[in-house]
Amino acid sequence: MVQEKVDKMGITDLQCTGWDYAVCTNLEDDNTLSNIGTGYHIYYNRVINGVPITQTMDSGDNLEDMDSTMETWSYESLEFFVDKDGIASVAYRDPYIIGETKTENLSLLPFSEIMKTYEKMMVVTNADNMEYENSRVYDIDRIVLGYARIYEPSKDAHTGLLVPVWDFFGTRKTETEYDGESYSDTTDYPTWSYLTINAVDGSIIDRSLGY
């Protein structure tokens, strides 16, 4: 049913790359959320030479400084919410225009090097959290090689590069203590990438910023 809609929209260069169970909500006038229904979140991405752009929950247009007036650019996304009555919503944002290939036949770092970077940078990127958390444990159960769009918003907020990256998905459990009481929280979002590593040079990409 969703594919028929995509065909009617004339979109031929994106493919269905995954789905999740979902709850569709609506923001009411009093800023509360009402539950519209339950169903499926189905998403489409570009596939370059058989390799898709990896789906993550980040929009890629965040700012390092909230006072910044710099123009930003969201990731391309085509998403559907489907419930028992059919397609409830469609959102197609920031479609890409694919340009020239900058480099042919890139050499990727050995996966062993990627894992060394992962082990080091997961500690570095989470160091500040230990100031107010007793513990933070990640259970990575899916490591994906795909493309990510990066750009330099300070120079050009309309042009970027698609680069091969490794994304690390799974669950996160935190333990905190407040007023003598212990609290635990488990985060389990299928498309939340906890670390993104450039597969060519081993640099870290902030998915929320898009670079």
Side-chain angles (χ1 to χ4, degrees), residues 1-25 37-62 72-84 86-106 108-109 111 114 118 138-151 159-172 187-200 204-211:
M1 180 171 53
V2 169
Q3 186 59 50
E4 289 177 0
K5 175 66 71 174
V6 172
D7 293 340
K8 289 180 180 179
M9 293 168 67
I11 299 173
T12 59
D13 46 359
L14 279 76
Q15 299 178 24
C16 179
T17 54
W19 64 274
D20 303 310
Y21 294 113
V23 176
C24 190
T25 59
T38 56
Y40 302 93
H41 169 214
I42 298 173
Y43 43 85
Y44 280 63
N45 288 292
R46 290 183 183 271
V47 177
I48 312 297
N49 295 326
V51 179
I53 296 177
T54 303
Q55 176 77 19
T56 69
M57 63 185 295
D58 289 297
S59 60
D61 62 344
N62 285 4
T72 60
W73 180 23
S74 300
Y75 296 134
E76 177 182 55
S77 64
L78 174 59
E79 302 175 82
F80 296 81
F81 178 76
V82 181
D83 62 15
K84 60 183 178 59
I87 297 175
S89 68
V90 182
Y92 188 22
R93 304 180 182 91
D94 295 286
Y96 295 159
I97 297 174
I98 303 298
E100 63 180 308
T101 300
K102 291 292 185 180
T103 306
E104 296 279 0
N105 301 319
L106 280 173
L108 305 186
L109 290 173
F111 188 67
I114 297 296
Y118 164 80
Y138 290 90
D139 181 9
I140 301 300
D141 56 20
R142 187 164 62 98
I143 306 173
V144 178
L145 176 64
Y147 283 107
R149 189 226 66 202
I150 59 174
Y151 76 130
T159 304
L161 291 174
L162 291 176
V163 297
V165 300
W166 290 99
D167 279 290
F168 293 77
F169 300 94
T171 60
R172 182 188 70 184
T187 303
D188 184 10
Y189 297 128
T191 56
W192 188 348
S193 176
Y194 292 115
L195 194 69
T196 302
I197 303 176
N198 188 313
V200 177
I204 303 302
I205 295 172
D206 188 322
R207 279 284 189 177
S208 66
L209 298 174
Y211 52 86

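Throughout, residue positions are numbered sequentially from 1 according to the sequence presented. Treat the numbers as computed from the prediction; the structure is a model and nothing was measured.
When atom types are taken as modelled, the side chain of Arg149 and the backbone of Ile53 share no donor-acceptor pair closer than 3.5 angstrom. Side-chain atoms of Tyr118 do not come within 3.5 Å of backbone N or O of Ile197 as any donor-acceptor pair.
Within the 6.0 Å centre-distance limit, the rings of Tyr21 and Trp19 are counted as a close aromatic pair. Taking the six-membered ring wherever Trp is involved, the centroid distance between the rings of Trp192 and Tyr194 falls below 6.0 Å.
Partners of Asn62 under the side-chain hydrogen bond (donor to acceptor under 3.5 Å, both in side chains) rule, at least two apart in sequence or in another chain, do not exist in this structure. Listed by chain and residue number, Asp61 satisfy the side-chain hydrogen bond (donor to acceptor under 3.5 Å, both in side chains) test with Ser74 (two or more places apart in sequence, or in another chain). Phe169 is linked by a ring-ring contact (aromatic ring centres under 6.0 Å, His included) to nothing, counting only residues two or more places apart in sequence or in another chain. Remark: Asp58 engages no residue in a side-chain hydrogen bond (donor to acceptor under 3.5 Å, both in side chains) (not counting sequence neighbours). Here Asp83 pairs with Phe81, Asp85, Ala88 under the side chain to side chain contact (heavy atoms under 4.5 Å, CB included) rule; sequence neighbours left out.
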Solution key, residues 90-104 side-chain donor-acceptor pairs under 3.5 Å, sequence neighbours excluded:
unit_1 : atom_1 : unit_2 : atom_2 : d
Tyr92  : OH     : Glu76  : OE2    : 3.4
Arg93  : NH1    : Glu79  : OE2    : 3.3
Tyr96  : OH     : Glu76  : N      : 3.0

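Screening Asn45, Asp20, Thr17 against Gln55 for a side chain to side chain donor-acceptor pair (under 3.5 Å) leaves a single residue, Asn45.
Residues Phe111 and Leu145 are not in side-chain contact: their nearest non-hydrogen atoms beyond the backbone lie 4.5 Å or more apart.
The distance from the CD1 atom of Ile42 to the CE atom of Met1 is 7.0 Å, given to the nearest 0.5 Å.
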